[in-house]
Structure formats: C-alpha cells, structure tokens
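Inspection log for the structure reproduced underneath, given as structure tokens.
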Amino acid sequence: MFKKILIANRGEIAVRVIRACRELGIKTVAVYSTADNAALHTLIADESVCIGPPASKDSYLNMKALISACEITGAEAIHPGYGFLSENAAFVRLCEKCGIKWIGPPADAIEAMGDKANAKETMKKAGVPVVPGSDGAVKTVEEAEKIADEIGYPILIKASSGGGGRGIRPVHKKEELKDQIQAAKTEAKAFFGDDAVYIEKFVENPRHVEIQLLADEHGNVIHLGERDCSCQRRNQKLIEETPCPSGSMTEELRARMGAAAIKGAKACNYTNAGTVEFLLDKHGGFYFMEMNTRIQVEHPVTEMATGVDLIKAQIKVAAGETLESMEIRQEAVKFNGHAIECRINAEDPKNNFRPSPGKISALHVPGGFGVRLDTAIFQGYEIPPNYDSMVAKVIVRGKDRAEAIQKMRVALSEFLIEGVVCNIDFQLELLREEEFTSGDYDIGFLGRRNEKK
Ligand code: ADP
Ligand code: ADP
Ligand code: MG
C-alpha cells in the first residue's frame, strides 16, 4: 500500500480523499493555490504545498508544479478528484514517466472515453446502444446537415471535449444549423481548447441514469447499480438518487444496463472507478451518452446504498488489490434503502443563480441518523470567487424514498449558511414539488417548472 498520496484537487472532494487516506493509514499531501491558503484541505492534510496563483490554469491545472510537489514531499501516487486534471491523459502519462502512480484509469482508457465523440464510436463497436447522431466529430457544415436531416430535428451540437454541463447547444431547425455549428466550434475552442463537435438527436424527456463501475487491474469489472440524475438545471445536476424512482428501474433493466456499462469498460481496458451515463426513455430503452473516467460528484449516494467506500476502493485498486481481495463481488453488492444527494451551491437562485462568493459569517450543519455532509466549509471560511460554486453535498439514506425525502427536508431546513447566498431554500422547494415527490420526473423537470412560473 502507498505511504503517501498527493491530492490534486480542492474543496469537498480533496477533504473526502484525505479522510479515506487517513482511514487507510496513508499520509496526505494537499496542494493549494494562493486563494486557498486557509482552505480546509490545506489545513487538514499532513503536508501542504502551494502550487501557484488563484487561476486554475496556473495552479490546479499546473502539471509541472504538481509533479514537483510529489517529488519534494515523496508522494508516490496522485488522486485527482473530479474536474481539473482528472480526465487529462497527457497528465496521466507525465505521472507515469515520473514514476508516480495515478489513482484512476490508464491514459489510453481516458483518451478512448474522454473524447465524447470517439467514446460513442467505441461503445457502438462494443455493441452498446448509443444516442443516435454523427459517427464521431463532424467536419463540415454539409456533413452536419446531412446527419441532422437523417436523425431529424431537434438536435444537439455537443463539444467532444465538453463537460460539467457546458458545450451543449440545441438546434431546432435546419436554417439555424450553420450558424450554430460555427458558434459551437468557437465556444468549444475557447472553453475546452478543442473545437471538435458532434451531433446527437435531442431525446425528448428521458431520464439521466448512470451506472457506477469499479474495475481492478486484473481484468475484473463490476457495477454498483445506478444513479438517477435527472434533476438538472441547464444540464447541470442538482439532485441525485439511487435507486431510480417510480419503478422506472427493474432488477432486469439494472442487470442489462450494468452489463452494457461493463462491456464498454472492458472494450477500453478500463480500471479503477468510472461512470457510464445513459439516457433512459419511457419504454425502458437506454442509450449511451458518455463515460466519466473519474470519481463523480454524486458518488456518495452509491456509497450510502451499497456500503462500499468508493474512494478507498480506488486507492486499493491503484495499489494492485483485486476486487475479490476487497470482498467486493458482483453477487454480494446489495442495495439498501434509498439514498439522495442535494448539491449545495453558493449561488443566488433569485438572481439567475449568480455565484455568491464571500465570507461565511455563521454556520450550522445538519446531522443525525442517515445524514451525511461532505463539505470543506467552516465558520469564518471565505469562499473564493475563482472556482466552482458547489460548497457542500447533503446525502441521506432512508428505508425507502419517502423516508429519504423527509430526512432530506429535515436536514436542509437545519442547514444554515450565513454571509453568502446559497441554494438551500431552492432545493427545499424542489423537494416539495409534486413532480419530484411522485418520482415521475425527467431531465425536463426544471425547464418546465421555470416556464410555469
Ligand atoms: P459529475 O458527473 O461528477 O457530477 P459534473 O459534470 O458535475 O460531474 O462535473 C464535475 C466537476 O468537474 C464540476 O466542477 C465541473 O465544472 C467540472 N468539469 C467536468 N468536466 C469538465 C470539463 N471537460 N471541463 C471543465 N470542467 C469540467
Ligand atoms: P457533460 O459532459 O457536460 O456531462 P453530457 O453529454 O453528459 O454532458 O450531457 C449533460 C446533460 O445534458 C445530460 O445529463 C442530459 O440531461 C442532457 N443531454 C445530453 N445529451 C442529450 C440528448 N441527446 N438529448 C437530451 N438531453 C441530453
Ligand atoms: Mg455527463
């Protein structure tokens, strides 16, 4: 097992990884930008190394500084968390060259799946159903028009390197396509450094259902069931739950989706934790959308329902352990009760969800039986304006969905964050909506709700 791990991230996920390392008796190295001098991960790690100024590109994305930090501290492995360099194959190769173990999938698997257009090709070849659209990236406007005519409008233009709900554009009719392709390419280049885009049929009102995978470095791959992440605002997840609500998931469908995800993972020699995202339609048809080759924000709902610590599993897999030796067998994975996560963002729902950085003047956190809080905030902490606005995740598990929703309501109504504006009340409103409580919602839920108002 590793003696020392460097965490190339910040915020709640850095804290989450530090905790897992501690449980395993592994020393931790935090890295921080000058904006994160007094951040929780900087304070609680065994050692902390400053890696640059606030801008992500100069710090959390600064490969050389991260490698140097490993060398200075003697860290043997890097856990990348999510976002930042977590899906950067070039960085994985650099780590390997420097003798640093990457706690994540191999560079080749990231490359095969990280480019969303290529990933669909790979999955299609492996026999996994994919959302209809272009075969790989579209090169010309003519090609795009031809494909769009074939699959029919509305369509989506998606950036091949997109992520975090960004780089997705709807196109409703042919006349708009040319301009939209140009705009999408320009935007993709600016945001992701890659102007490749691909086309996909716009699926009406599906659910977003994803499968959690865990693969060791000895050829074994298992799935840990699904998460329903259909509660989204502008393609960004807000609430996640497992199992899928309202009977939209059966044992049989879960087994089929799980098998499809595993097939995809095996096709690219995947190892470590990963998630395969699907769209699920009303008739039980499911279509591969993308694979996230890293730990995900919403991993705790799976942990709460299955009892498997995914971060510890990631570390053990990277250290060469087998799923078998960790006693994680497909047949033994059991789903207990219902788990829900609400993402708490420092943003103002009354002001178009504008980020609300600043100092937390007072804080009271929820707790109790079946309530979990993953966060890096504390009283007196100043949320910097430079990074993602997500500041906490409240996760609950109840014996069934109704109990989980009720627990979440109680937890959120206890949660007080003063000094900055947060979306806690907004989340509480969503938990009261009939469409949500009935469980019969899909990815159009928030859009429709917005129109009604
Ligand atoms: P998850 O599926 O884990 O919920 P999200 O889509 O919410 O992932 O993204 C997790 C984090 O990573 C967010 O902070 C998001 O902004 C960031 N992120 C993910 N992919 C990219 C990308 N390609 N470019 C920039 N940021 C990204
Ligand atoms: P990202 O890499 O940003 O996570 P995804 O490809 O996973 O992007 O899409 C983000 C969200 O956008 C999905 O969860 C879904 O709600 C919506 N979406 C993506 N593709 C489609 C599609 N073809 N039809 C309808 N909605 C889609
Ligand atoms: Mg996605």
message = Minimum heavy-atom separation for Tyr441 and Pro245, please, with both atom names.
response =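 Shortest heavy-atom separation between Tyr441 and Pro245 comes out as CE2-CG, 4.0 Å.
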inquiry  = Run Arg169 and Glu187 through salt bridge (charged side-chain N to carboxylate O under 4.0 Å, His left out) and show every step you take.
reply    = CA-CA 10 Å; Arg169 261 168 200 265; Glu187 188 190 71; 3.6 Å; yes
Interatomic spacing from [atom1] in [X] to [atom2] in [Y] - rounded to 0.5 Å:
{"X": "Leu431", "Y": "Ile405", "atom1": "CG", "atom2": "CD1", "value": "7.0 Å"}
{"X": "Asn62", "Y": "Leu85", "atom1": "CG", "atom2": "CG", "value": "9.0 Å"}
{"X": "Leu279", "Y": "Phe202", "atom1": "CG", "atom2": "CZ", "value": "9.5 Å"}
{"X": "Leu412", "Y": "Leu428", "atom1": "CG", "atom2": "CG", "value": "4.5 Å"}
{"X": "Ile67", "Y": "Ile100", "atom1": "CD1", "atom2": "CD1", "value": "4.0 Å"}
{"X": "Met63", "Y": "Ile51", "atom1": "CE", "atom2": "CD1", "value": "12.0 Å"}

With a 4.0 Å cut-off on N to O distance, would you call [X] and [Y] a salt bridge?
{"X": "Glu241", "Y": "Arg401", "value": "yes"}
{"X": "Arg207", "Y": "Asp228", "value": "yes"}
{"X": "Lys393", "Y": "Glu298", "value": "no"}
{"X": "Lys120", "Y": "Asp135", "value": "no"}
{"X": "Lys282", "Y": "Glu204", "value": "no"}
{"X": "Glu252", "Y": "Arg256", "value": "yes"}
{"X": "Lys116", "Y": "Glu277", "value": "no"}
{"X": "Lys316", "Y": "Asp216", "value": "no"}
{"X": "Lys101", "Y": "Glu96", "value": "no"}
{"X": "Glu429", "Y": "Arg449", "value": "yes"}

Are [X] and [Y] linked by a side-chain donor-acceptor pair shorter than 3.5 Å?
{"X": "Ser438", "Y": "Asp440", "answer": "no"}
{"X": "Gln406", "Y": "Arg409", "answer": "yes"}
{"X": "Asn220", "Y": "Glu324", "answer": "no"}
{"X": "Glu403", "Y": "His338", "answer": "no"}
{"X": "Gln314", "Y": "His79", "answer": "yes"}
{"X": "Thr275", "Y": "Arg227", "answer": "yes"}
{"X": "Thr293", "Y": "Glu87", "answer": "yes"}
{"X": "Tyr60", "Y": "Asn386", "answer": "no"}
{"X": "Gln232", "Y": "Glu240", "answer": "no"}
{"X": "Tyr387", "Y": "Ser33", "answer": "yes"}

With a 4.5 Å limit on heavy-atom distance, are the side chains of [X] and [Y] in contact?
{"X": "Cys50", "Y": "Thr34", "result": "yes"}
{"X": "Ile417", "Y": "Ile424", "result": "yes"}
{"X": "Leu61", "Y": "Phe91", "result": "no"}
{"X": "Arg397", "Y": "Asn336", "result": "yes"}
{"X": "Glu76", "Y": "Leu6", "result": "no"}
{"X": "Leu40", "Y": "Ile18", "result": "no"}
{"X": "Thr271", "Y": "Pro106", "result": "yes"}
{"X": "Phe445", "Y": "Glu433", "result": "yes"}

Please answer whether the main-chain N or O of [Y] pairs with a side-chain N or O of [X] as donor and acceptor at a distance below 3.5 Å.
{"X": "Ser68", "Y": "Lys64", "value": "yes"}
{"X": "Tyr270", "Y": "Ala273", "value": "yes"}
{"X": "Gln212", "Y": "His299", "value": "no"}
{"X": "Ser134", "Y": "Ala137", "value": "no"}
{"X": "Ser248", "Y": "Cys244", "value": "no"}
{"X": "Ser48", "Y": "Thr42", "value": "yes"}
{"X": "Gln236", "Y": "Gly164", "value": "yes"}
{"X": "Thr375", "Y": "Glu12", "value": "no"}
{"X": "Gln330", "Y": "His223", "value": "yes"}
{"X": "His41", "Y": "Arg16", "value": "no"}

task = Start with the C-alpha gap between Glu47 and Lys4, add the side-chain angles, then the distance that decides, and say whether salt bridge (charged side-chain N to carboxylate O under 4.0 Å, His left out) holds.
result = CA-CA 10 Å; Glu47 290 169 80; Lys4 201 187 264 192; 2.5 Å; yes
message = Under the criterion side chain to side chain contact (heavy atoms under 4.5 Å, CB included), I'd like the reasoning laid out for Val15 against Ile7: C-alpha separation, chi angles, the key distance, then a yes or no.
response = CA-CA 9 Å; Val15 172; Ile7 299 107; over 6 Å; no
query = When you look at Phe278 and Ile211, which way does the side chain to side chain contact (heavy atoms under 4.5 Å, CB included) test go after all the steps?
reply = CA-CA 8 Å; Phe278 295 100; Ile211 300 288; 3.8 Å; yes
Which of these, [options], sits in a side chain to side chain contact (heavy atoms under 4.5 Å, CB included) with [X]?
{"X": "Val391", "options": "Ile383, Ile360, Asn345", "result": "Ile383"}
{"X": "Met123", "options": "Glu290, Met289, Met113", "result": "Met113"}
{"X": "Val209", "options": "Val276, Leu253, Leu280", "result": "Leu280"}

query = So, is the end of the Arg10 side chain (NZ or CZ) under 6.0 Å from the ring centre of Tyr32 and within 45° of the ring's axis?
reply =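 No, a cation-pi geometry is absent between Arg10 and Tyr32.
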request  = Would you verify whether the NZ or CZ of Arg343 falls within 45 degrees of the ring axis of Phe426 while also being under 6.0 Å from that six-membered ring's centre?
outcome  =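 Geometry flag: not set, cation outside 6.0 Å or 45°.
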ask   = Counting only heavy atoms not in Arg234, do more than 12 fall under 6.0 Å of its CZ?
value =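 Open: at most 12 neighbouring heavy atoms sit under 6.0 Å from CZ of Arg234.
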ask   = Hey, is NZ on Lys27 packed in by over 12 heavy atoms from elsewhere, all under 6.0 Å?
value =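 No, because the 6.0 Å sphere around NZ of Lys27 holds 12 heavy atoms or fewer from other groups.
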Passing option when Ser161 is tested against Asp194, Asp195, Asp115 for side-chain hydrogen bond (donor to acceptor under 3.5 Å, both in side chains) =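 In the set Asp194, Asp195, Asp115, the residue that makes a side-chain hydrogen bond (donor to acceptor under 3.5 Å, both in side chains) with Ser161 is Asp194.
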